[in-house]
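Naming convention: chains lettered A, B, ... in sequence-line order (proteins, then strands); numbering from 1 in each chain.
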Number of protein chains: 2
Amino acid sequence: MARMSADARRAELLQAALRVMSRDGIAAGTTRAIVAEAGMPLATFHYCFRSRNELLRELITLLTTMERQAATEAMTPSGGDFRETLRQALRGYVGHLAANPGHELFLFELNHFALRTPELHDLADEQYRKYYETATELLEAAAELCDMEWKADLPVLARFVVTLIDGATTTWLADRDTEATLAALDIAADHVAALATPRTRSV
Amino acid sequence: MARMSADARRAELLQAALRVMSRDGIAAGTTRAIVAEAGMPLATFHYCFRSRNELLRELITLLTTMERQAATEAMTPSGGDFRETLRQALRGYVGHLAANPGHELFLFELNHFALRTPELHDLADEQYRKYYETATELLEAAAELCDMEWKADLPVLARFVVTLIDGATTTWLADRDTEATLAALDIAADHVAALATPRTRSV
DNA sequence: GTCTATATGCAGATAGAC
DNA sequence: GTCTATCTGCATATAGAC
């Protein structure tokens, strides 16, 4: 009899892989390192996953879903000044980044690995489509919160936000200068805030 | 007697490594693949470089120097409308990116590999310091070209530009949507252009 | 079903023949 | 100085004993 169902072991291995690769990089996430982290014998890996690439497929899907949940839940507080609301949202992300640098670096490593692996190429695209969707939801939520209305094209604005977040992440990861990262994002927040106007009520 | 000096072979190996890794990714750049690309026997590699990491060190230095030269030489044309000058500079970069996607992806792979390798950690930092310096020079050159004066803090603005370029690159690499990338950058160009004012002549 | 033991291949690095 | 042949280790994946 199994101590744990196959599904449960799949989930455990995914979590173990996430821990190992966030900590030491995607290249260090060998099947051996993953099963060692999960406290399982090596053969369990290929019992639960057809290949390492299959695990990476599921990992990208799992992570982008997690990021989306975290982002959606983050947009709750404040109320009032719109520019300040946007700044606080960006500051919230930078705080998350500084608290989990390996995690965000791993997301880039995953995407770039997928881009270099024909078998996984569709996932790289899907990952960013989810990012754009999430950014769109966040922009809508922020406007709702402050009773504003976007004047700019929302898809373009959403892509701009993802551009900012990605760029802020790569630069921060390289030099860990939180103040400089926030200063750069503040410039952007000022501009984005100016692209919305107070909403006219329609009861 | 040598057909080629040791220095010349070092340079050849660096170029071969750049070709292989830009084409197939940093992980595919094994010592064997590099010497095969260069048409040299395997032992030559360790005759010219102490280790693969030493080659990667030199490669980061070489590439960031090349990028800087290319960027500096790019800022020549136009004259006239400041916003249009900035847009054209950004369009020029996106054109370069679309023409050399593997090269730009490789720069991220290198940086992230350096961030994951304690021995190379200093290089990740140096790479971005050079990016900031280059961005500063470009901003100064653009202002000079249109006879404008920056009103915003230049180091902050330079970091913002690197943030934009990095984010535009990662998003484009993931979905290859050139139009959307340009649209997002246009938003930024409009804002950055507004941060400078016509210069008051002295003389 | 589960895990030990192994097949197979390729990595970085080097010894030693020429 | 140069390059063939090899050392050593670890990767993914699996066969087969329990």
Spacing of A/N53 atom CG relative to D/dA11 atom C1', expressed in whole Å: 13 Å

Salt bridge present between B/D175 and A/R159 (N-O < 4.0 angstrom): yes

Atom pair distance, as rounded to whole Å: CG in A/L55 and P in D/dA13: 11 Å

Atom pair distance, as rounded to whole Å: CG in B/L42 and P in C/dG12: 9 Å

Distance in angstrom units between B/M40 CE and D/dT4 P, rounded: 14 Å

Rounded distance in Å - CD1 (A/I34) to C1' (D/dA11): 12 Å

Cationic N near anionic O, under 4.0 Å, B/K130 to B/E67: no

Under-4.0 Å side-chain N/O to phosphate OP1/OP2 contact, A/H46 with D/dT14: no

Nucleotide of D/dT4, D/dA13, C/dG12 approaching B/P41 most closely (side-chain heavy atoms): D/dT4

Selection from C/dA11, C/dC3, D/dA13 that lies nearest to any side-chain heavy atom of A/A43: C/dC3

Working for ring-ring contact (aromatic ring centres under 6.0 Å, His included), residues B/F82 and B/W150: CA-CA 12 Å; B/F82 190 46; B/W150 291 111; 5.4 Å; yes

A/H112 and B/F108 aromatic ring geometry - parallel, tilted or perpendicular at 30°/60° bounds: tilted

Residue B/R32, side-chain atoms from C-beta onward, closest of D/dG1, C/dA13, C/dT4: C/dA13

Side chain of B/Y47 (C-beta onward), nearest among C/dG12, D/dT2, C/dT2: D/dT2

Interatomic distance where CG belongs to A/L13 and P belongs to C/dC3 [whole Å]: 12 Å

Aromatic plane relationship, A/Y128 with A/Y131 - under 30° parallel, 30 to 60° tilted, over 60° perpendicular: perpendicular

Separation of atom CZ in A/R52 from atom P in C/dG9, rounded to whole Å: 20 Å

Nearest-Å distance for atom pair CD1/P, residues B/I26 and C/dA11: 15 Å

Per A/T44 side chain, nearest of listed nucleotides C/dC3, C/dT2, C/dA13: C/dC3

Side-chain N or O of B/R9 closer than 4.0 Å to phosphate OP1/OP2 of D/dT2: yes

Interface with DNA chain D, restricted to residues 106-119 of chain A and to heavy atoms under 4.0 Å: none

SB check A/R10 A/E54 (cutoff 4.0 Å): yes

Residues B/D125, A/R176: salt bridge by 4.0 Å N-O rule: no

